2 protein chains.
Amino acid sequence: MTSSPYWTSGDGRAALYAGDSLAVLAGLPDQCVDTVLTDPPYSSGGAFRGDRAAQGTVAKYLDSGNTGRWRDMAGDNRDQRAYAYWCALWLAECLRVTRPGGVIMLWTDWRQLPTTTDALQAGGWVWRGVVPWAKPDARPQAGRFRNACEYVVWGSAGAMLHDLTAPCLPGWYDATAPRNRVHPTQKPLSVTRGLVRVAPPSGLVLDPFAGSCTTGLAALLEGRRFLGVELVEDYLEAGALRLGAIITDPDDPQLDLFGQAEAAP
Amino acid sequence: MTSSPYWTSGDGRAALYAGDSLAVLAGLPDQCVDTVLTDPPYSSGGAFRGDRAAQGTVAKYLDSGNTGRWRDMAGDNRDQRAYAYWCALWLAECLRVTRPGGVIMLWTDWRQLPTTTDALQAGGWVWRGVVPWAKPDARPQAGRFRNACEYVVWGSAGAMLHDLTAPCLPGWYDATAPRNRVHPTQKPLSVTRGLVRVAPPSGLVLDPFAGSCTTGLAALLEGRRFLGVELVEDYLEAGALRLGAIITDPDDPQLDLFGQAEAAP
DNA sequence: CCTCTCGATGAATCCATCT
DNA sequence: AAGATGGATTCATCGAGAG
């Protein structure tokens, strides 16, 4: 690693890096990660480029009245082609740092779903499927179908490991978005915990757009290790706080972030 | 219409045409249809070309041992480019025969979802959203996410009619595929009935790949009219039988397939 | 009529073995 | 070598039949 982490858990189970994903990923060794789970900035919303560029993230995703609570997300105003190209870049970098057979999962919405599957494959991954999750509290619209679902696009680094002892995971989830959020597009912990179970036990989960570290929280709670990257200082701080709150027991098994699990001395 | 229908309900509420969709659609007048709901052959399955082009589409999707129960579907063996091109062709024809503001809905699976949204827009429609439906009895696979959802991609012929009195429709459905099927990929009637409710009351619903006419059944049960096209003789016969079974009351309001609803004389 | 068990099934996918 | 074939595998759900 070229840079030193913004925060580590102390027990080797989690680390958080400040900076641009592409730059930080470039400093990671090949095939050190088991699973990637991330929520890239969507660049969704308006149908035209002007709509997307005009406002920051906070005004775009939320009803008026809530603006002012959150920082704008970095890199959320690209046009469609640039977005796909940029995704392919960091997805290719994620592929390099992931072990063969490792799984990637990308949160996306209905409008960006086709772009996401394209970018995933452009980055060299094998697209394996889509896992919807339904928000029962979605806003109703007269005369049309309620926009109730978001999606997780998933794939693998080449052929999947043919482990017939691993359990089959659910094909869809049902959850309300968290009420008390630290981040404007924060995902439900219940769904995230379900998703990280594709990672091997005590495997390393990477999130190059860590935000407030829901992925990290889920990974640790499910007995996996976590490596997060985030650009915005405020979210790094909030994420470290959330992760630190559950890393309290110094007698937990000591783990090396880039190595194997080992028992405490 | 150039050709005469294979079957009509007698009361003007439903008609079934034999033949290739593109040919039959070409014989329809402009803007005579309110809503399109159809389940085209997906040409899906497998990561390799050979898996898609497998001899017999029934053998492709079902376990050996169950392959003798059904006729193969027509046109389920296109490669990716040909599938997108062919979809764009009939989708453009559907757009021509649909009234401005009319809605289209297309059943698809996870693998063909992005191609379907591309083809929809290539055909001139405005893509409006995705409605997943979950089948809890989907086949599981060890160590990966169950492939439990299929999708309905929907859009509109230009701007949507702004009818604020129309009810809001669900954003996802939950249903098991019917056990006692007439067609190998028959869709649940419950979901189909939910979907046709986007059509205006007594509006005309078109299905250019009618199969065993679940769309028609749903349309009639929800008080809409139905126009179906199907290529395979066996399915035409089964579809006519299913539709005929619910058109029993000669005192039903008399409707003209291409006109307005009118009371019986 | 209700409850329970048992068997069958799936718009798959992977892999070994052929042509 | 590339394509075709056949067998094995996952488990929630449904229907049939028994109790």
Side-chain angles (χ1 to χ4, degrees), chain A residues 100-101 103 126-131 154-174 194 197-198, chain B residues 38-80 83 87 105-116 132-153 173-192 209-212 214-215 232 235:
Chain A
V103 165
V126 180
W127 178 30
R128 296 279 173 188
V130 176
V131 179
W154 73 283
S156 65
M160 291 210 52
L161 303 177
H162 201 57
D163 180 5
L164 293 176
T165 66
C168 176
L169 297 159
W172 62 279
Y173 293 89
D174 198 346
R197 289 186 194 126
V198 272
Chain B
T38 195
D39 187 23
Y42 298 171
S43 291
S44 194
F48 303 99
R49 199 199 61 81
D51 291 335
R52 278 170 206 239
Q55 298 283 344
T57 59
V58 167
K60 180 166 63 171
Y61 298 125
L62 300 167
D63 280 329
S64 54
N66 284 326
T67 51
R69 289 164 59 186
W70 295 290
R71 286 276 158 181
D72 273 342
M73 299 179 291
D76 192 53
N77 46 15
R78 295 173 170 89
D79 72 21
Q80 195 74 8
Y83 178 72
C87 283
M105 293 161 283
L106 307 173
W107 301 89
T108 190
D109 69 356
W110 68 270
R111 199 187 291 278
Q112 295 293 32
L113 200 156
T115 303
T116 304
W133 68 281
K135 346 179 243 191
D137 57 342
R139 167 173 296 163
Q141 297 168 85
R144 44 174 85 190
F145 297 101
R146 186 188 283 256
N147 210 326
C149 291
E150 293 193 28
Y151 303 89
V152 177
V153 167
Y173 292 88
D174 197 346
T176 53
R179 273 309 156 97
N180 297 320
R181 289 175 293 173
V182 181
H183 190 279
T185 67
Q186 192 171 322
K187 295 294 176 285
L189 184 61
S190 61
V191 180
T192 313
F209 306 95
S212 52
T214 303
T215 302
V232 179
Y235 295 136

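The figures here come from the full heavy-atom set of this structure, side chains too, leaving out hydrogens, waters and symmetry mates. All of these numbers come straight from a predicted model, not from anything done at the bench. Every chain is numbered from 1 and lettered A, B, ... according to where its sequence line falls, protein lines coming before strand lines.
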Worksheet item: Once you round it to whole Å, what is the distance between P of dA11(C) and CH2 of Trp107(B)?
Response: 12 Å

Worksheet item: For Tyr42(B) and dG10(C), what is the distance between atoms OH and C1' respectively, to the nearest whole Å?
Response: 14 Å

Discussion item. Any strand counts, and the cut-off is 3.5 Å on both contacts for Watson-Crick or G-U wobble. Which nucleotide pairs with dA11(C)?
Written reply: none

Fill in: Integer-rounded Å distance: dG10(C) C1' and Lys187(B) NZ
12 Å

Discussion item. Using side-chain hydrogen bond (donor to acceptor under 3.5 Å, both in side chains), reason through Ser43(B) and Gln112(B) one step at a time and then give a plain yes or no.
Written reply: CA-CA 8 Å; Ser43(B) 291; Gln112(B) 295 293 32; 5.5 Å; no

Item to complete: On the 0 to 90° scale, with breaks at 30° and 60°, tag the Phe145(B)-Trp154(A) ring pair as parallel, tilted or perpendicular.
Response: perpendicular

Item to complete: Compare all side-chain heavy atoms of Trp133(B) with those of Pro188(B) and state whether any distance is below 4.5 angstrom.
Response: yes

Using a cut-off of under 3.5 Å, enumerate the N/O to N/O pairs linking the protein to nucleotides 12-17 of chain D.
| residue | atom | partner | partner atom | Å |
| --- | --- | --- | --- | --- |
| dT13(D) | O2 | Arg179(B) | NH2 | 3.1 |

Item to complete: Report yes if some heavy atom in the side chain of Arg71(B) is under 4.5 Å from a heavy atom in the side chain of His183(B); otherwise report no.
Response: no

Item to complete: Going 5' to 3' through nucleotides 12-19 of chain C, assign each nucleotide B (protein heavy atom under 4.0 Å from a base atom), S (under 4.0 Å only from sugar-phosphate atoms) or - (no protein heavy atom that close).
Response: BSSS----

Item to complete: Could you check if a side-chain atom of Trp70(B) sits within less than 4.5 angstrom of a side-chain atom of Tyr235(B), using non-hydrogen atoms only?
Response: yes

Discussion item. Quick one, Glu150(B) and Trp107(B) - any side-chain contact, counting heavy atoms below 4.5 Å?
Written reply: no

Item to complete: Side-chain contact test, heavy atoms from C-beta onward, threshold under 4.5 Å: evaluate it for Met73(B) versus Phe209(B) and give yes or no.
Response: no

Worksheet entry | Distance test, side-chain N/O of Arg181(B) to OP1/OP2 of dA11(C), below 4.0 Å | yes

Discussion item. What is the distance, to the nearest angstrom, from the CZ atom on Arg69(B) to the C1' atom on dG10(C)?
Written reply: 10 Å

Fill in: Touch class at under 4.0 angstrom, heavy-atom based, for Pro178(B) against every strand present
nothing

Worksheet, complete the sentence: In this structure, NZ of Lys187(B) is separated from OG1 of Thr192(B) (nearest 0.5 Å) by 8.5 Å

